[in-house]
Q: 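Please see the structure below; I have some questions.
Note that the coordinates shown come from a computational prediction; the quantities given were computed from them, not determined experimentally.
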Amino acid sequence: MATRYWIVSLPVQNNSSASPLWSRLQESISRHSFDTPLYRFNIPYLRVGTLDSLLALSDDLLKSNSFIEGVSHKIRRQIEELEKVSGVVSSSLTVDGVPVDSYLTRFVWDEAKYPTMSPLKEIVDGIHTQVAKIEDDLKVRVAEYNNVRSQLNAINRKQTGSLAVRDLSNLVKPQDIVTSEHLTTLLAIVTKYSQKDWLASYETLTTYVVPRSSKKLYEDNEYALYTVVLFNRDADNFRTKARERGFQIRDFEYNSETQEGRKMELEKLMQDQERFRSSLLQWCYTSYGEVFISWMHFCAVRIFAESILRYGLPPSFLSVVLSPSVKSEKKVRSILEGLCDSSNSTYWKTEDEGGMSGFGADVDAHPYVSFTINLV
């Protein structure tokens with residue numbers, strides 16, 4: 001699928017129609033740049049209004065186009081990210097049930113949604129408002145999804161970090177903990193290379209340590225997790241002595257209800273994440289289509305308004321969509337220029353030579369209206 005298109009309008013000479021010009025363009029493209037896809041871009045007769053209103057509108061067209069295009073790309077990137085995270089095979093996006101590029105190259109104006117008798121500014125403002133609302137909805141939905149992801153990531157960091165900071169609840173079993181009226185079990189974090197020192201010294205750090213009570217429960221790349229059983233009254237003293245020897249005593253209290261609660265919380269967050277991800281992905285698929293439809297109707301208004309300002313009234317121009325390769329661009333530009341009136345061509349050729357720039361000023365000046373559509 002091509003991802004970069006030109007939307008172009010060529011002036012139709014006096015006492016002529018667009019059909020002969022279309023035939024000449026087809027013939028020239030097929031002869032000199034046969035690898036360039038070429039399509040008619042059918043625009044209905046829109047309400048022109050006054051020259052002042054068209055001039056005022058042209059000032060807003062480029063800004064609005066950048067905004068709408070940006071939202072389109074933002075949704076597309078979100079779709080790609082969601083598909084990648086979930087392992088979904090990336091699917092071709094569709095608009096109104098057809099591939100994105102097909103919708104562009106076979107564009108048909110939606111009269112029901114955008115009545116042609118509406119003022120152009122009203123159509124443009126309506127499109128801008130609709131796309132802005134979709135962007136706001138996207139921000140809210142992405143924030144909800146990212147909030148759940150952040151909570152899960154925080155839990156996962158606790159589960160997968162080093163023993164010095166991670167949650168120990170999934171590493172300690174009930175049988176590892178000895179508790180009674182007089183006895184308690186402490187959990188010691190020992191550096192990997194200090195384990196011999198720990199085993200040789202823990203019994204004598206304080207007076208009331210149960211001999212041979214230390215067991216290793218887990219080891220990671222940096223630390224090992226040991227238990228030690230001692231009398232309750234000696235626990236604080238043991239913590240102090242252990243810290244002096246470079247051993248960290250982690251506070252931990254085994255509670256089956258707490259453990260079950262954490263497990264349920266984790267499961268709920270995982271379910272919420274999947275639910276938000278699935279919902280967001282489906283919303284993005286739908287909203288991308290809505291934004292793209294709005295964008296193409298905006299482009300139709302833009303090409304119409306700029307063509308009137310460029311060629312005058314009554315509206316008499318041919319609008320087309322092309323997708324030239326990079327190596328064919330100069331040749332296609334030359335073909336398009338050759339189909340324009342020679343005096344018009346000279347006048348509009350370049351700003352440096354005293355010509356006028358194209359309305360919107362997002363491309364080099366040409367003797368015809370032209371702007372680029374980047375689908376990605």
Q: Give a yes or no on whether a salt bridge exists between Arg275 and Asp272, defined as a side-chain N under 4.0 angstrom from a carboxylate O.
A: yes

Q: At what distance, to the nearest 0.5 angstrom, does CD of Gln151 lie from CD of Glu265?
A: 7.5 Å

Q: For atom NZ of Lys215, decide whether the heavy atoms of other residues, nucleotides or ligands shown that lie under 6.0 angstrom number more than 12.
A: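 12 or below, so no.
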
Q: With a 4.5 Å cut-off on side-chain heavy atoms, are Trp22 and Val320 touching?
A: yes

Q: Answer yes or no: is there an ion pair linking Glu329 with Arg4, defined by an N-O contact shorter than 4.0 Å?
A: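 Salt bridge flag = yes for Arg4 with Glu329.
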
Q: Please examine the side chains of Leu313 and Val48, heavy atoms only from C-beta on, and report whether any two atoms are closer than 4.5 Å.
A: yes

Q: When rounded to the nearest 0.5 angstrom, what distance separates CG in Leu205 from CZ in Arg243?
A: 12.5 Å

Q: Over all heavy atoms of both residues, which pair between Ser201 and Phe247 is shortest? Give the atoms and the distance, please.
A: OG-CE1, 3.8 Å

Q: Not counting sequence neighbours, which residues clear salt bridge (Lys or Arg N to Asp or Glu O under 4.0 Å) with Lys113? List them please.
A: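 Per chain and number, Lys113 pairs via salt bridge (Lys or Arg N to Asp or Glu O under 4.0 Å) with no residue.
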
Q: Side chains of Asp176 and Thr227: is there a donor and an acceptor less than 3.5 Å apart?
A: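 Short answer, no.
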
Q: Restricting to salt bridge (Lys or Arg N to Asp or Glu O under 4.0 Å), what partner residues turn up for Arg239, sequence neighbours left out?
A: Asp236, Asp251

Q: Are any non-hydrogen side-chain atoms of Leu375 and Tyr5 less than 4.5 angstrom apart?
A: yes

Q: Tell me which one of Phe107, Phe41, Phe304 satisfies ring pair (Phe, Tyr, Trp, His ring centres under 6.0 Å) with His297.
A: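 Among Phe107, Phe41, Phe304, the one that satisfies the ring pair (Phe, Tyr, Trp, His ring centres under 6.0 Å) with His297 is Phe107.
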
Q: Quick one: do Arg106 and Tyr39 satisfy side-chain hydrogen bond (donor to acceptor under 3.5 Å, both in side chains)? Show the steps, please.
A: CA-CA 8 Å; Arg106 303 171 189 171; Tyr39 311 90; over 6 Å; no

Q: Rounded to the nearest 0.5 Å, what's the gap from CD1 on Ile373 to OG on Ser323? Could you check?
A: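 Here the rounded value is 11.5 Å.
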
Q: Do Leu55 and Val124 belong together in a cluster built from hydrophobic side chains that touch within less than 4.5 Å?
A: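 Per the 4.5 Å side-chain linkage, Leu55 and Val124 are co-clustered.
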
Q: Output the distance between atom CG (Leu225) and atom CG (Asp220), rounded to the nearest 0.5 Å.
A: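 One finds 9.5 Å between CG of Leu225 and CG of Asp220.
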
Q: Check whether any side-chain N or O of Asn65 sits under 3.5 Å from a backbone N or O of Leu61 as a donor-acceptor pair, and report yes or no.
A: no

Q: Answer whether the closest heavy-atom distance between the side chains of Leu46 and Trp109 falls below 4.5 Å.
A: yes

Q: For the backbone of Leu163 and the side chain of Glu222, can you confirm whether one donor and one acceptor N or O come within less than 3.5 Å of each other?
A: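 A pair under 3.5 Å: no.
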
Q: Quick one: do Tyr311 and Leu339 end up in the same hydrophobic cluster if we chain Ile, Leu, Val, Met, Phe, Trp and Tyr together by side-chain heavy atoms under 4.5 Å apart?
A: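 Yes: a chain of side-chain contacts under 4.5 Å links Tyr311 to Leu339.
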
Q: Relative to each other, are the rings of Trp295 and His73 parallel, tilted or perpendicular (30° and 60° limits)?
A: perpendicular

Q: Applying salt bridge (Lys or Arg N to Asp or Glu O under 4.0 Å), name anything that partners Asp125, two or more places apart in sequence or on another chain.
A: Lys121

Q: So, do Leu217 and Leu171 sit near enough that their side-chain heavy atoms are less than 4.5 Å apart?
A: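 In short, these two side chains do not touch, never coming nearer than 4.5 Å.
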
Q: Between CZ of Arg76 and OG of Ser72, what distance do you get to the nearest 0.5 Å?
A: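 Between Arg76 CZ and Ser72 OG, I get 7.0 Å after rounding to 0.5 Å.
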
Q: Which pair of non-hydrogen atoms, one from Ser328 and one from Thr36, has the smallest distance, and what is that distance?
A: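 It is CB-OG1, 4.1 Å.
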
Q: Locate the shortest heavy-atom distance separating Ile123 from Pro115; write the atom from each residue and the value.
A: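 Looking at all heavy atoms of both residues, the shortest contact is CD1-O, 3.9 Å.
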
Q: Taking the side chain as every heavy atom from C-beta outward, state whether Phe371 and Ile303 have any atom pair closer than 4.5 Å.
A: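 Yes, side chains in contact.
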
Q: State, to 0.1 Å, how close Val95 and Gly289 come at their nearest heavy-atom pair, and which atoms those are.
A: CG1-O, 3.8 Å

Q: Hey, is Glu337 close enough to Arg333 for a salt bridge, meaning N to O under 4.0 Å?
A: no

Q: Is there side-chain contact between Ile79 and Leu281, with at least one heavy-atom pair below 4.5 Å?
A: yes

Q: Looking at Pro44 and Thr116, what are the two nearest heavy atoms and their distance?
A: CG-CG2, 3.7 Å

Q: Return yes when atom CD of Glu181 has more than 12 non-hydrogen atoms of other residues, nucleotides or ligands closer than 6.0 Å, and no otherwise.
A: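 For Glu181, atom CD is not crowded (no more than 12 foreign heavy atoms under 6.0 Å).
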
Q: With rounding to the nearest 0.5 Å, note down the distance linking OG1 in Thr191 to CD1 in Ile189.
A: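 These two atoms lie 11.0 Å from each other.
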
Q: Classify the ring geometry between Trp198 and Tyr202 as parallel (under 30°), tilted (30 to 60°) or perpendicular (over 60°).
A: parallel

Q: When you measure from the side chain of Thr105 to the backbone N and O of Asp101, does any donor-acceptor pair fall under 3.5 Å?
A: yes

Q: Parallel, tilted or perpendicular: which fits the ring planes of Phe231 and His182, with parallel below 30° and perpendicular above 60°?
A: tilted

Q: Using distance alone, with no hydrogens and no angle criterion, decide if Arg277 and Tyr145 have a side-chain donor and acceptor under 3.5 Å apart.
A: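 The answer is no; no qualifying pair exists.
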
Q: For a quick check under 3.5 Å, do Glu306 and Ser58 share a side-chain donor-acceptor pair by atom type?
A: no

Q: Take the angle between the ring planes of Tyr368 and His366 and call it parallel below 30°, perpendicular above 60°, tilted in between.
A: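 If you compare the ring of Tyr368 with that of His366, the planes turn out parallel.
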
Q: Checking the side chain of Ser194 only, and the main-chain atoms of Asp197 only, is there a donor and an acceptor separated by less than 3.5 Å?
A: no

Q: According to ring pair (Phe, Tyr, Trp, His ring centres under 6.0 Å), who are the partners of His128, at least two apart in sequence or on a separate chain?
A: Phe67

Q: With a 4.5 Å cut-off on side-chain heavy-atom distances among I, L, V, M, F, W and Y, is there a chain of contacts connecting Tyr45 to Tyr114?
A: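 Linked within one cluster.
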
Q: I'd like to know if the side chain of Gln195 pairs up with that of Tyr226 as donor and acceptor (distance under 3.5 Å, no hydrogens or angles considered).
A: yes

Q: Counting only N and O atoms by type, is there a donor-acceptor contact under 3.5 Å from the side chain of Arg47 to the main-chain atoms of Met117?
A: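 The answer is yes, because a donor-acceptor pair under 3.5 Å joins these two groups.
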
Q: Is there a donor-acceptor pair under 3.5 Å between the side chain of Ser294 and the backbone N or O of Ile127?
A: no

Q: State whether Phe317 and Arg310 meet the cation-pi test: NZ (Lys) or CZ (Arg) under 6.0 Å from the six-membered ring centroid, and within 45° of the perpendicular axis.
A: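 Judged by the rule (NZ or CZ under 6.0 Å from the ring centre, within 45° of its axis), Arg310 is not positioned above Phe317.
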
Q: Tell me every residue that passes side-chain hydrogen bond (donor to acceptor under 3.5 Å, both in side chains) with Glu135, counting only those two or more places apart in sequence or in another chain.
A: Lys74

Q: Are Val210 and Val228 in one and the same hydrophobic cluster, where Ile, Leu, Val, Met, Phe, Trp and Tyr link if side-chain heavy atoms are under 4.5 Å apart?
A: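 Cluster IDs for Val210 and Val228 differ.
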
Q: Assess whether a salt bridge exists between Glu69 and Arg302, defined as any Lys/Arg side-chain N lying under 4.0 Å from an Asp/Glu carboxylate O.
A: no

Q: In terms of hydrophobic clusters joined by side-chain contacts under 4.5 Å, are Ile249 and Leu187 together?
A: no

Q: With side chains defined as the heavy atoms from C-beta onward, is the minimum distance between Arg166 and Tyr223 less than 4.5 Å?
A: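 SC-SC contact between Arg166 and Tyr223 ruled out.
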
Q: At their closest point, which heavy atom of Cys340 faces which heavy atom of Pro367, and how far apart are they?
A: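 The answer is SG-O, 3.6 Å.
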
Q: Could you tell me whether a side-chain N or O of Ser33 sits under 3.5 Å from a main-chain N or O of Ile29, the two making a donor and an acceptor?
A: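 Checked: no pair found.
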
Q: Going by side chain to side chain contact (heavy atoms under 4.5 Å, CB included), name the residues that satisfy it together with Lys327, two or more places apart in sequence or in a different chain.
A: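 For Lys327, the residues satisfying side chain to side chain contact (heavy atoms under 4.5 Å, CB included) (neighbours in sequence not counted) are Asp35, Ser325.
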
Q: Ignoring hydrogens and angles, tell me if any N or O in the side chain of Ser278 forms a donor-acceptor pair with the backbone of Glu274 under 3.5 Å.
A: no

Q: Does Thr206 form a side-chain hydrogen bond (donor to acceptor under 3.5 Å, both in side chains) with Asp234? I'd like the steps, not just the answer.
A: CA-CA 7 Å; Thr206 59; Asp234 209 21; 2.6 Å; yes

Q: So, Thr50 side chain and Ser53 main chain: donor-acceptor pair closer than 3.5 Å or not?
A: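 Answer holds: yes.
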
